[in-house]
Engineer: 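Questions regarding the structure given below will be posed in turn.
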Amino acid sequence: MDLRTHPALQLPIRALGWFNARHPFSHNDHFHGWILGNLPERRARALDVGCGEGLLASRLAQRFDAVDAADRDEGMRAATEERGERRVRVIDGFDAADGPYDLITMIATLHHLELAPALERCRALLAPGGRLLVVGLAREGSVADAVWLTGSALANPVMGFLRHPIPTSVPRAEPPFPVRDPEHTVDQIAEAAGRILPGSTVRRRLPFRYTLEWTARPLP
């Protein structure tokens, strides 16, 4: 059962929504620190899949010789290009990536793709010793998921208040990027990753995200 639709929870959900709109923060940008803290040793080329407005690609460009920023949405590619980062090359989606890459990142992107083929393509594109870092969304499918999402809902206003203690009077606008509900649970994603990317690690994170980390086997 989706707890978000339970009749008894509608009032607190609306109250949390009101508070979160006045103390907003980006769940996706929140995980940039995790990505930047887990970069591979070799930093020649990086690929950010689903680059959005290009903020992460710009940050990676300060640490890599070259960064490919991939997005299927024309508006997102234009926004990334407007940043004018010299080391960032904007490409038309994941299919245009040419590899090999020392790092592949995805934030809120994997659920827009076919899960197994996307993981297989990442494996093929990574250089030996390269690293895949995914921050993703998953649907609820177990008691563990329900606890995770409830904890995220409770943590979200606290994290928002710490970042924006002075409330904004203008509610946050809906994001301009494409939106799609996740199809897979964390357990299903972990199963696919374990099969395709042996040794990968999948963890539930607060708020509302999971992380997937895998390092390609280095050359002997």
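Every heavy atom of this structure was used, including side-chain atoms; hydrogens, water molecules and symmetry mates were not. Along the sequence shown, residues are numbered consecutively beginning with 1. These numbers were taken from a predicted model, which means no experiment stands behind them.
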Engineer: Which value, rounded to the nearest 0.5 Å, describes the distance between Phe94 atom CZ and Leu110 atom CG?
Structural biologist: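 If I round to the nearest 0.5 Å, the distance is 9.0 Å.
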Engineer: Rounded to the nearest 0.5 Å, what's the gap from CZ on Arg63 to CG on Leu103? Could you check?
Structural biologist: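 Here the interatomic distance stands at 11.5 Å.
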Engineer: Taking His111 for its side chain and His184 for its backbone only, find out whether a donor-acceptor pair lies under 3.5 Å.
Structural biologist: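 No: the side chain of His111 does not pair with the backbone of His184.
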Engineer: What's the shortest heavy-atom distance between His30 and Leu206, and which atoms?
Structural biologist: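 That would be NE2-O, 3.9 Å.
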Engineer: Do Phe64 and Pro40 touch side chain to side chain, with heavy atoms closer than 4.5 Å?
Structural biologist: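 When only atoms from C-beta onward are counted, Pro40 and Phe64 do touch, with a gap below 4.5 Å.
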Engineer: Distance-only, no hydrogens or angles: does the Ser200 side chain make a donor-acceptor pair with backbone N or O of Leu197 under 3.5 Å?
Structural biologist: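 Side chain of Ser200 to backbone of Leu197: a pair is present.
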Engineer: Identify the heavy atoms of Thr80 and Cys51 that sit nearest to each other, and give their distance.
Structural biologist: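 Closest approach of Thr80 to Cys51: OG1-SG, 3.5 Å.
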Engineer: Return the set of residues passing side chain to side chain donor-acceptor pair (under 3.5 Å) with Thr215 (not counting sequence neighbours), or none when no residue passes.
Structural biologist: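 With neighbours one apart ignored, the set is Arg131.
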Engineer: Do Met106 and Phe208 share a hydrophobic cluster (ILVMFWY, side-chain heavy atoms under 4.5 Å, transitive)?
Structural biologist: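 In one cluster with Met106: Phe208, yes.
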Engineer: Using 0.5 Å steps for rounding, measure from the CG atom of Leu113 to the CZ atom of Arg180.
Structural biologist: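 Leu113 atom CG to Arg180 atom CZ measures 8.0 Å (nearest 0.5 Å).
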Engineer: Quick one: which residue pairs count as a salt bridge (charged side-chain N to carboxylate O under 4.0 Å, His left out) with a foot in residues 210-220, not counting sequence neighbours?
Structural biologist: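 Found none.
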Engineer: Same cluster or not: Ile196 versus Leu115, using hydrophobic residues (I, L, V, M, F, W, Y) connected whenever any side-chain heavy atoms lie under 4.5 Å apart?
Structural biologist: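 Ile196 clusters together with Leu115.
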Engineer: Can you list the residues that meet the side-chain contact (heavy atoms from CB on, under 4.5 Å) rule with Pro100, with sequence neighbours excluded?
Structural biologist: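 side-chain contact (heavy atoms from CB on, under 4.5 Å) check on Pro100 returns Arg45, Ala127.
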Engineer: Could you note down all residue pairs passing salt bridge (charged side-chain N to carboxylate O under 4.0 Å, His left out) where residues 75-87 supplies at least one of them, sequence neighbours left out?
Structural biologist: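 Qualifying pairs: Arg77-Asp92.
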Engineer: Compare every heavy atom of Ala46 with every heavy atom of Leu60, then report the nearest pair and how far apart it is.
Structural biologist: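 Shortest heavy-atom contact: CD1-CB, 4.5 Å.
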Engineer: Return the set of residues passing side-chain contact (heavy atoms from CB on, under 4.5 Å) with Glu191 (not counting sequence neighbours), or none when no residue passes.
Structural biologist: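 Per chain and number, Glu191 pairs via side-chain contact (heavy atoms from CB on, under 4.5 Å) with Arg195.
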Engineer: Is the backbone of Glu183 close enough, under 3.5 Å, to the side chain of Arg139 for a donor and an acceptor to pair up by distance?
Structural biologist: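 Judged by distance alone, yes, a pair lies under 3.5 Å.
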Engineer: Where the side chain of Asp71 meets the backbone of Met76, is there a donor-acceptor pair that is under 3.5 Å apart?
Structural biologist: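 No; judged by distance alone, with no hydrogens or angles, the pair does not exist.
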Engineer: Pairs in or reaching into residues 114-123: which pass side chain to side chain donor-acceptor pair (under 3.5 Å), with residues at least two apart or in two chains?
Structural biologist: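 Pairs touching residues 114-123 that pass the test: none.
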Engineer: Evaluate the side-chain proximity of Leu125 to Cys122: yes if any heavy-atom separation is below 4.5 Å, no if none is.
Structural biologist: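 No; the side chains remain at least 4.5 Å from each other.
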Engineer: Going by side-chain contact (heavy atoms from CB on, under 4.5 Å), name the residues that satisfy it together with Ala57, two or more places apart in sequence or in a different chain.
Structural biologist: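 With sequence neighbours excluded, Ala57 shows a side-chain contact (heavy atoms from CB on, under 4.5 Å) to Asp48, Val67, Ala69, Val88, given in chain and number order.
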Engineer: Residues in side chain to side chain donor-acceptor pair (under 3.5 Å) with Thr211, at least two apart?
Structural biologist: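 Expected list: Arg205.
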Engineer: Taking only distance into account, with no hydrogens and no angle test, what donor-acceptor pairs under 3.5 Å do side-chain atoms of residues 32-39 form with protein atoms, sequence neighbours excluded?
Structural biologist:
residue	atom	partner	partner atom	Å
His32	ND1	Arg59	NH1	2.7
Asn38	ND2	Trp34	O	2.6

Engineer: Residues in side-chain contact (heavy atoms from CB on, under 4.5 Å) with Ala216, at least two apart?
Structural biologist: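 Scan of Ala216 (side-chain contact (heavy atoms from CB on, under 4.5 Å), adjacent residues dropped) gives Leu126, Trp214.
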Engineer: Do you know the tightest heavy-atom contact between Ala193 and Val202?
Structural biologist: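 Answer, listing the atom of Ala193 first, then Val202: CB-CG2, 4.3 Å.
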Engineer: Go through the structure and list residues passing side chain to side chain donor-acceptor pair (under 3.5 Å) with Asp187, not counting sequence neighbours.
Structural biologist: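 Scan of Asp187 (side chain to side chain donor-acceptor pair (under 3.5 Å), adjacent residues dropped) gives Arg204.
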Engineer: Taking side chain to side chain donor-acceptor pair (under 3.5 Å) as the test, write out the residues that go with Asp102, two or more places apart.
Structural biologist: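 Result, side chain to side chain donor-acceptor pair (under 3.5 Å) vs Asp102: Arg42.
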Engineer: Can you confirm whether Arg203 is buried at CZ, in the sense that more than 12 heavy atoms of other residues, nucleotides or ligands lie under 6.0 Å from that atom?
Structural biologist: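 No, not enclosed.
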Engineer: Could you walk me through whether Thr105 and Val49 pass the side chain to side chain contact (heavy atoms under 4.5 Å, CB included) test, one step at a time?
Structural biologist: CA-CA 6 Å; Thr105 59; Val49 183; over 6 Å; no
Engineer: Search all heavy atoms of Tyr101 against all heavy atoms of Gly99 and return the closest pair with its distance.
Structural biologist: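 So the two residues come closest at CE1-N, 3.2 Å.
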Engineer: CD1 of Ile104 to CG of Leu47: how many Å apart, nearest 0.5 Å?
Structural biologist: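 With rounding to 0.5 Å, CD1 (Ile104) is 5.5 Å from CG (Leu47).
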Engineer: Can you tell if the side chain of Leu137 reaches within under 4.5 Å of the side chain of Tyr210, non-hydrogen atoms only?
Structural biologist: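 Leu137 does not reach Tyr210 side chain to side chain.
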Engineer: Mind listing the closest non-hydrogen atom pair of Thr185 and Gly141 along with its distance?
Structural biologist: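 Closest approach of Thr185 to Gly141: CG2-CA, 3.8 Å.
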